[in-house]
S.K.: 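Please find one structure pasted underneath; my questions will follow.
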Amino acid sequence: MADTKFKVTIITPDGTVYDNDNATMVIMNTSGGQMGIMAKHVPVLASLTISELRIKHDQGTDEIAAVNGGIMQFDGETALITADSAEMPEKIDVARAEEAKQRAEEAIKKAKEAHRQNDLARAEVHLKRAVNRLKVSKFKQK
């Protein structure tokens with residue numbers, strides 16, 4: 001069974017968010033679409049989008065992380081995710097994420113009214129991050 005498992009590490013500028021060597025599969029959204037990798041997969045380097053990252057284990061359990069962009073490097077034995085920011089569900093401050101969502105929605109409305117494309121694009125990214133965090137916060141470790 002040792003060759004069906006691999007190590008997954010998620011790091012951010014603030015430090016290590018996740019480190020586990022019992023993953024059987026990682027599913028992530030990349031700039032090219034959704035991708036799943038398993039142990040012994042060919043080496044790959046992928047650009048991640050703002051989305052959830054699912055880590056599967058052979059016990060039938062999944063772990064979820066909210067990842068806000070970054071890259072994933074896999075060498076066949078270790079998946080290293082270097083993210084702009086990432087959080088596990090139990091670490092997400094739901095009230096703060098709700099406030100961020102409301103601020104982003106207001107900023108989008110103002111940017112559209114003022115026809116400010118740069119502000120609109122920035123606010124849309126903030127909204128995606130807040131919605132992603134809220135979605136992932138609903139998954140709790142069993």
Side-chain angles (χ1 to χ4, degrees), residues 1-94 96-112 114-142:
M1 270 263 197
D3 29 50
T4 63
K5 296 181 183 177
F6 61 97
K7 182 178 178 96
V8 177
T9 302
I10 302 172
I11 59 172
T12 69
D14 295 326
T16 302
V17 173
Y18 181 86
D19 192 29
N20 188 312
D21 57 1
N22 290 313
T24 57
M25 185 174 198
V26 175
I27 301 169
M28 71 221 85
N29 290 324
T30 71
S31 56
Q34 191 172 68
M35 173 187 290
I37 58 169
M38 299 174 75
K40 307 301 181 194
H41 189 283
V42 296
V44 65
L45 183 66
S47 173
L48 302 177
T49 61
I50 297 170
S51 64
E52 70 180 46
L53 182 124
R54 186 174 298 268
I55 304 153
K56 295 186 168 281
H57 301 280
D58 61 3
Q59 302 88 3
T61 58
D62 290 358
E63 291 181 284
I64 307 289
V67 177
N68 293 317
I71 59 169
M72 188 279 307
Q73 177 182 351
F74 187 69
D75 65 6
E77 297 176 9
T78 301
L80 176 62
I81 292 101
T82 307
D84 301 334
S85 66
E87 291 176 280
M88 301 306 288
E90 58 275 5
K91 299 287 185 180
I92 295 173
D93 183 339
V94 176
R96 193 172 135 239
E98 283 285 355
E99 290 170 8
K101 180 179 179 255
Q102 289 174 355
R103 282 192 310 271
E105 288 170 340
E106 289 171 17
I108 287 171
K109 182 179 175 185
K110 288 178 183 177
K112 284 182 178 179
H115 303 287
R116 298 181 60 111
Q117 292 303 312
N118 289 340
D119 291 346
L120 178 61
R122 203 171 9 261
E124 287 172 341
V125 169
H126 289 294
L127 181 60
K128 284 180 187 176
R129 287 181 176 185
V131 168
N132 186 43
R133 292 177 71 228
L134 289 168
K135 179 181 173 185
V136 169
S137 72
K138 295 180 177 145
F139 294 92
K140 298 293 179 191
Q141 185 69 18
K142 293 180 181 174

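Values below: all heavy atoms of this structure, side chains included; hydrogens, waters and symmetry mates excluded.
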S.K.: Identify the heavy atoms of Ala79 and Phe6 that sit nearest to each other, and give their distance.
M.R.: CB-CE1, 4.1 Å

S.K.: How close do Asn22 and Asn20 get, heavy atom to heavy atom, and via which atoms?
M.R.: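 Closest heavy-atom pair between Asn22 and Asn20: N-OD1, 2.7 Å.
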
S.K.: Can a salt bridge be assigned to the pair Asp119 and Arg116 using a cut-off of 4.0 Å between side-chain N and carboxylate O?
M.R.: yes

S.K.: Go through the steps for Ile37 and Met28 under the test side-chain contact (heavy atoms from CB on, under 4.5 Å), then give the verdict.
M.R.: CA-CA 9 Å; Ile37 58 169; Met28 71 221 85; 4.1 Å; yes

S.K.: What pair of heavy atoms forms the shortest contact from Ala66 to Arg133, and how long is it?
M.R.: CB-CA, 4.3 Å

S.K.: Using side-chain heavy atoms (C-beta onward) and a distance below 4.5 Å, is Met35 in contact with Val44?
M.R.: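 Contact flag for Met35/Val44 side chains = yes.
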
S.K.: If you apply the rule side-chain contact (heavy atoms from CB on, under 4.5 Å), what do you find for Arg54 with Phe139, and how did you get there?
M.R.: CA-CA 11 Å; Arg54 186 174 298 268; Phe139 294 92; 4.1 Å; yes

S.K.: Do you know the tightest heavy-atom contact between Thr12 and Asp84?
M.R.: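 Looks like CB-O, 4.4 Å.
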
S.K.: Of all the heavy-atom pairs spanning Gly36 and Met25, show the shortest one and how long it is.
M.R.: CA-CE, 4.1 Å

S.K.: Step by step, would you call His126 with Ile108 a side-chain contact (heavy atoms from CB on, under 4.5 Å)?
M.R.: CA-CA 10 Å; His126 289 294; Ile108 287 171; over 6 Å; no

S.K.: Which pair of heavy atoms, one from Ala23 and one from Ile55, lies closest together, and at what distance?
M.R.: CB-CG2, 3.8 Å

S.K.: Tell me, yes or no, whether the heavy-atom count around Lys7 atom NZ, taken from other residues, nucleotides or ligands under 6.0 Å, exceeds 12.
M.R.: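 Correct, the count exceeds 12.
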
S.K.: What I want to find out is whether Glu105 reaches Lys101 closely enough, with some N-O distance under 4.0 Å, to be called a salt bridge.
M.R.: yes

S.K.: Spell out, as yes or no, whether a donor-acceptor pair under 3.5 Å connects the side chain of Asn132 to the backbone of Glu52.
M.R.: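 At least one qualifying donor-acceptor pair exists.
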
S.K.: For side-chain contact (heavy atoms from CB on, under 4.5 Å), just list the numbers for Asp21 and Lys5, CA-CA rounded to whole Å, side-chain angles, deciding distance to a tenth of an Å, and then say yes or no.
M.R.: CA-CA 7 Å; Asp21 57 1; Lys5 296 181 183 177; over 6 Å; no

